Number of protein chains: 2
Amino acid sequence: MVRTPKPISARSTIAHVAERAGVSTATVSRVLNGNYPVSKEARAKVAQAIDEIDFVQNAQAKALVQAKTGIVGVVMADVSDPFYSEMIGSIQNVCGANGKLLVICSTQGHSDVELSYLQVLRSQRVDAVIVLGGGSDDDQVQASLARQAAALAREGCRLVLCGRPAPDAGRDTLAVEVDNVDAARQATRHLMAFGHREILFLGGPRGSTTSRDRLAGFRFAFDEAGWASEQCTVDAGDFSRQAGYDLAKKHVLGGTRFTAILAASDFMAIGAIRALLSMGLRIPDDLSLIGIDDIPSASDMVPRLSTVRLPLSEMGRLAAGLALGLDRTAPLRPLGVSLVPGLTVGPLPASGEALIGRIAG
Amino acid sequence: MVRTPKPISARSTIAHVAERAGVSTATVSRVLNGNYPVSKEARAKVAQAIDEIDFVQNAQAKALVQAKTGIVGVVMADVSDPFYSEMIGSIQNVCGANGKLLVICSTQGHSDVELSYLQVLRSQRVDAVIVLGGGSDDDQVQASLARQAAALAREGCRLVLCGRPAPDAGRDTLAVEVDNVDAARQATRHLMAFGHREILFLGGPRGSTTSRDRLAGFRFAFDEAGWASEQCTVDAGDFSRQAGYDLAKKHVLGGTRFTAILAASDFMAIGAIRALLSMGLRIPDDLSLIGIDDIPSASDMVPRLSTVRLPLSEMGRLAAGLALGLDRTAPLRPLGVSLVPGLTVGPLPASGEALIGRIAG
DNA sequence: CTGAAAGCGCTAACAA
DNA sequence: TTGTTAGCGCTTTCAG
């Protein structure tokens, strides 16, 4: 076989360094990894050679022989959504401090993309995979996910779910869960405490575990109060600002009967606020509103957005700890959430009436 | 040499697939890459074998022989800062659409960390590196950066700077620049148009190119107006909410004389707003305020934050296009910015006086 | 303490 | 169309 002879030029390889330093490649490798005894002189010669040709190791070759890459994969819907970027921020902190690199993959909420990214990360032989945020409720997707999880585990890659329930089957998967049910329950109770009973629920995408749990919490609060939640309107968005804006507008103009809104995400709440203000409504005088998540923007709002705080950074930190094997066991119970009162929830309007007709009429 | 014999068990390799399908590894490789003719039967047998053992290629081994990884590295200060996450969002979109993976590295604004990440990415043999945001002004850092850039180029890796001026020397580096000078100039002029002349400038970290350019734009606007900017107070933060909060508080309480604030980032503007409101000041009645960046939160603020829009998504998209080689040449001139008026800038207070003493007194 | 050499899993000539 | 085989750059026995 006549392959082109290796260019004597500026190739950056251990062999090149070895030649230059007058030692073997094994010695160079040992200097580089510092886990074997090497004489001072050899060390010095190698160091000099490395510096002269500005050598850096080929991580691929190293990973190939060591069967680990020092890379952690993160799969989530959208990096530019603070719900995720807050978690990613703390994950990056942990990973950076431990010399791990982070590969991020955005699915835009598509579970098929999520699945295919899992496969890509598998092929990259990442040391661990963290999946952020809610997942699909669909049985078939769950099954595919379980299959990927099993493959990952078989190949020695840790899988950590964060903000999504752990699958029933198997201990292949660690999970950092958060109490989405309680989050919505607390938000609802807060509205109820101010006398609200006709609440418009703006949910997340149908089929997502987070949406499901938050809606369940909403209904649960009604059950607890002994009231029927059926008379409340429930609609679905996609957790985005735009969805909040559109849905709020639609329901106000459509004459839906409600005195308060529970938005399943702060983003939707913020979008809704904008819609309501643009229609001349005052918050919380005319209408109360509460979100869930407590993203940083929530506290930038004036008046401060009432919401329920999810420990996003902590979730990320815990997930990263599990992924890196710093922590061995996942939290036994979902992480707790806490009400952040804010100023967007108030008593019923003086008239004591729902909004219906006020605008649309 | 007596190495442990390869475990016949569930190893996921091409050789394993080949054996199972009764073909050679070369054939499997050809099926996988689809760039060489393979008979229908062979293809089918291989496909089945792959499916049976749930095989995925080892990207490391592939990268080793092909000398490219399909990975793009991104270096920036902080993922959870929307200034960056907006850009990353659009970079991820381009990369995802082109089958590239994204490795993200957070420097927290430390240029030494930036340098070392560059080295790490070099060792990962990433296909391209994108550096987001302003860089250090320091000559020594610049020199090290140039050296890394040269090494990267030598190794066939594209380096793209985004939001930072291209280094004078060499065409090793592509850059997507944005007109930071004009951004601050426009913001300043907007304040001036409302009669403000005593402006508190809250800058970014000293030694960053972005800080430098924005301050230059501020001074330039004064020069244009034929006024002396020296009488204005200039302070430095780190672009964060907290810095904005702290600085605003400090200067109000310290009795600094000003009728308006120009914050070098929306984050600082938002932090400043919070501080001002907490001290009972009204915006823009008592004090005007403008930011720079137009991050999404700016339009969530009520009243809407006056700011200058940087085309963050477009910057990311362009940078990604260059990094992937979709575009060949960088924009000739810095990308333009545009004033977004908002409602946080108003005329001078009725008294026509600067704030001094109103609070502190 | 050091060097020689056997692979890690894959691709790409080359030969068949 | 297919198989054989030589590496890609590195680590790691094993034998000095």
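Given the structure is predicted, the values throughout are model-derived calculations rather than measurements. Below, chain A is the first sequence line, B the second, and so on; all start at residue 1.
At the heavy-atom level, Leu64(A) lies under 4.0 Å from base atoms of the strands shown. Across all strands shown, Gln57(A) has heavy atoms under 4.0 Å from sugar-phosphate atoms exclusively, and none from any base. Ala42(A) comes within contact range of the sugar-phosphate backbone alone, with a heavy-atom separation under 4.0 Å but no base atom that close.
You'll find that the side chain of Ile14(B) is closest to dT11(C), out of dG9(C), dG3(D), dT11(C). The listed nucleotides are dG3(C), dG3(D), dT2(D); the one nearest the side chain of Val38(B) is dT2(D). Checking dT2(D), dG3(C), dG9(D) against every side-chain atom of Val65(A), the shortest atom distance belongs to dG9(D). Proximity note for Ser29(A) (side chain, C-beta onward) versus dT11(D), dT2(C), dG9(D): the nearest is dT11(D).
Under 4.0 angstrom from either OP1 or OP2 of dG3(C) there lies at least one side-chain N or O belonging to Ser24(A). An OP1 or OP2 oxygen of dC8(C) is reached within less than 4.0 angstrom by no side-chain nitrogen or oxygen of Asn58(B). Side-chain N/O atoms of Thr25(A) include none lying less than 4.0 angstrom from OP1 or OP2 on dC10(D).
At a cut-off of 3.5 angstrom, the base of dG3(D) holds at least one donor-acceptor pair with the side chain of Arg30(B).
Looking at residues two or more places apart in sequence or on another chain, you find no salt bridge (charged side-chain N to carboxylate O under 4.0 Å, His left out) involving Lys62(B).
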